[in-house]
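Working notes, structure below.
Throughout, numbering of the chain's residues begins at 1 and tracks the sequence.
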Amino acid sequence: LIKEFVLRKVSDEFIKAKREISNMDDAVCIHIRRGDFVGSNHEVCDMNYYRDCINYFTERKPNTSFVFFSDDVQWVQSMFSDLQNSYIVSENIIDYEQMMLMSLCKHYILSNSSFGWWGQYLNADKNKTVLAPSRWYIDSYDRSIYQDNWVVMEKR
């Protein structure tokens, strides 16, 4: 399945973002989904969750860089403006290009969204670290979403 995901033509924005990510040490993809999740049966991951995940990486890998992917770039800019070594991928980049950019990162901080799930899945590196929220839905605990090697972080 992974071999089927090949981009034949890419935008200039994609090329620029790919160059940025490729030049980063230990790039961590942070996927933040808000948009239609706010007020739905998905519990939106809060700042405590993301800060705990960021701390997880910075404590273990001091040279970590963070790459943000979100459907609410303005929120990300306002909430993470203090974070050094970070890059926010433009929301103008087409969704499938964003997913391919996610796959270029070395590690992952997922929101409870299938989009981020696919981004990390397309990265076949066996040494990647994936952090995921302890709850995917408000009213259920579907563990089939989680992969065995993931680190499940408590959502507060």
**Request:** May I ask you to check whether Phe115 and His31 place their ring centres under 6.0 Å from each other?
**Result:**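 That pair passes the under 6.0 Å test.
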**Message:** Tell me every residue that passes salt bridge (Lys or Arg N to Asp or Glu O under 4.0 Å) with Arg60, counting only those two or more places apart in sequence or in another chain.
**Reply:**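 Once residues adjacent in sequence are excluded, Arg60 has no partner under the salt bridge (Lys or Arg N to Asp or Glu O under 4.0 Å) criterion.
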**Item:** Qualifying side-chain hydrogen bond (donor to acceptor under 3.5 Å, both in side chains) pairs, either residue in residues 10-29, two or more places apart
**Value:**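 Output for this query lists Ser11-Glu97.
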**Request:** Determine, stepwise, if the pair Val152 / Ser134 fulfils side chain to side chain contact (heavy atoms under 4.5 Å, CB included).
**Result:** CA-CA 5 Å; Val152 177; Ser134 58; 3.8 Å; yes
Under 3.5 Å, which donor-acceptor pairs do the side chains of residues 73-82 form with other protein atoms, sequence neighbours left out?
from	atom 1	to	atom 2	distance (Å)
Ser78	OG	Gln74	O	3.4
Ser78	OG	Trp75	O	2.9
Asp82	OD1	Arg51	NH2	3.1

Can you name the residues that form a side chain to side chain donor-acceptor pair (under 3.5 Å) with [X], not counting sequence neighbours?
X: Lys61; value: none
X: His107; value: none
X: Tyr50; value: none

Counting C-beta onward and ignoring hydrogens, is there a side-chain heavy-atom pair between [X] and [Y] closer than 4.5 Å?
X: Ile109; Y: Ile54; result: yes
X: Thr129; Y: Phe57; result: yes
X: Leu131; Y: Trp150; result: no
X: Lys128; Y: Gln120; result: yes

**Prompt:** Between Phe66 and Met24, is a side chain to side chain contact (heavy atoms under 4.5 Å, CB included) present by the stated rule, with each step listed?
**Reply:** CA-CA 9 Å; Phe66 298 96; Met24 293 179 164; over 6 Å; no
**Asked** Checking Asp52 side chain against Met153 main chain: does a donor-acceptor pair fall under 3.5 Å?
**Response**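 Judged by distance alone, no pair lies under 3.5 Å.
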**Request:** Tell me, with the steps shown, if Phe69 and Ile32 meet side chain to side chain contact (heavy atoms under 4.5 Å, CB included).
**Result:** CA-CA 6 Å; Phe69 295 83; Ile32 298 178; over 6 Å; no
**Asked** Going from CG on Leu83 to OG on Ser65, what distance comes out if it is rounded to the nearest 0.5 angstrom?
**Response**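 Separation between the atoms: 9.5 Å.
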**Message:** Between Val89 and Leu101, does the side chain to side chain contact (heavy atoms under 4.5 Å, CB included) criterion hold? Intermediate values first, please.
**Reply:** CA-CA 9 Å; Val89 172; Leu101 290 169; 4.2 Å; yes
**Pairs touching residues 99-127 that satisfy salt bridge (charged side-chain N to carboxylate O under 4.0 Å, His left out), sequence neighbours left out** =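 Non-adjacent pairs meeting salt bridge (charged side-chain N to carboxylate O under 4.0 Å, His left out): zero.
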**Request:** Taking ring pair (Phe, Tyr, Trp, His ring centres under 6.0 Å) as the test, write out the residues that go with Tyr87, two or more places apart.
**Result:**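 Once residues adjacent in sequence are excluded, Tyr87 has no partner under the ring pair (Phe, Tyr, Trp, His ring centres under 6.0 Å) criterion.
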**Request:** Please work out which of the three classes, parallel, tilted or perpendicular, describes the rings of Tyr121 and Trp117, given edges at 30° and 60°.
**Result:**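 Trp117 vs Tyr121 ring planes: parallel.
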**Prompt:** Can you list the residues that meet the side-chain contact (heavy atoms from CB on, under 4.5 Å) rule with Asn149, with sequence neighbours excluded?
**Reply:**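 Result, side-chain contact (heavy atoms from CB on, under 4.5 Å) vs Asn149: Gln147.
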